[in-house]
2 protein chains.
Amino acid sequence: MTRTMNISKIIKFHRKKSGLTQKGLADLAGVGKTVIFNLEKGKTSVQYDTIQKVLNVLNVKINFESPLMNLIRETDEKNTNL
Amino acid sequence: MTRTMNISKIIKFHRKKSGLTQKGLADLAGVGKTVIFNLEKGKTSVQYDTIQKVLNVLNVKINFESPLMNLIRETDEKNTNL
DNA sequence: TATTTTTTACTGCTAAAGCAGTAAAATTAC
DNA sequence: GTAATTTTACTGCTTTAGCAGTAAAAAATA
């Protein structure tokens with residue numbers, strides 16, 4: 001299921017559901033406990049790859065949505081790089 | 001439409017479709033040109049809010065997907081904060 | 001209740017993100 | 001073809017993310 005929602009709430013909810021403490025999640029994700037604390041506090045000046053590490057542990061996928069999105073492969077077939 | 005894809009390609013594609021240069025997009029997003037260059041180059045150690053600024057200009061939404069996602073509002077109704 | 005665990009909140013430190021400027025390479029336009 | 005634009009790539013600089021450590025506040029547990 002796909003929904004638009006702030007990261008803060010998503011992380012906290014999934015962490016709780018996983019029965020993890022902030023420190024526990026941080027260790028599993030390979031980040032400092034401060035990152036989890038800050039994210040759940042609502043801080044968004046967190047590096048994208050750091051957030052990815054956390055969401056990976058929690059089994060949360062990041063998707064991008066736009067009207068043009070489905071045109072990428074079809075019109076730009078040569079861009080197999082990147 | 002929703003798809004899982006790397007930010008790099010998404011940004012470059014949408015920027016081109018918008019007829020913007022890297023500098024042009026950077027200015028509209030209020031970030032440095034280096035950010036656009038790095039993002040399109042594939043760098044992921046970019047701050048989340050910085051990416052948001054860029055994607056906002058390009059009309060790209062970030063969604064989060066997980067099996068638990070639809071349970072958030074229902075089971076955690078009091079969390080209207082955050 | 002008291003005790004343990006967890007969360008919040010601060011610290012000083014190191015590494016690096018983000019910036020503007022410049023210049024060369026590549027692309028596009030004429 | 002040349003000229004203009006755009007992209008790539010590098011600078012030095014300032015700000016800050018992320019880290020571990022500590023401690024107090026809050027929450028959970030016995």
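No experiment lies behind these values; they were computed from the predicted model shown. Each chain gets a letter, A, B and so on, in the order the sequences are listed, and its residues count up from 1.
Regarding A/Lys16, its NZ atom lies at a distance of 10 Å from the P atom of D/dA27, rounded to whole Å. Between B/Lys23 atom NZ and D/dT7 atom P the separation is 12 Å, expressed in whole Å. Rounded to an integer number of Å, the gap from B/Lys53 NZ to C/dC19 P is 7 Å.
Listed nucleotides: D/dA20, D/dA17, D/dT6. Nearest to the side chain of A/Ser45: D/dA17. Candidate nucleotides D/dA20, D/dC19, D/dT7 were compared by shortest atom distance to the side chain of A/Lys33, and D/dA20 ranks first. When distances are taken from the side chain of B/Lys12 to each of D/dT8, D/dT6, C/dT7, the shortest belongs to D/dT8. Side chain of B/Val46, nearest nucleotide from C/dG18, D/dC19, C/dA9: C/dG18. Among the nucleotides D/dC19, C/dA20, C/dT8, the one closest to the side chain of A/Gln22 is C/dT8. Of the candidate nucleotides D/dT8, D/dC19, C/dC19, D/dT8 has the atom lying nearest to any side-chain atom of B/Phe37.
When the side-chain nitrogen and oxygen atoms of B/Lys43 are compared with OP1 and OP2 of C/dA17, one or more of them lie within a distance under 4.0 Å. In terms of phosphate contacts, A/Arg15 brings no side-chain nitrogen or oxygen within less than 4.0 Å of OP1 or OP2 of C/dT6. For the OP1/OP2 pair of D/dG18 and a distance below 4.0 Å, the side-chain nitrogens and oxygens of A/Thr50 include at least one atom meeting the criterion.
Counting only heavy atoms from C-beta outward, the side chains of A/Ser66 and A/Met69 approach each other to under 4.5 Å.
By the 4.0 Å N-to-carboxylate-O rule, B/Lys53 lies too far from B/Asp49 to be salt-bridged with it.
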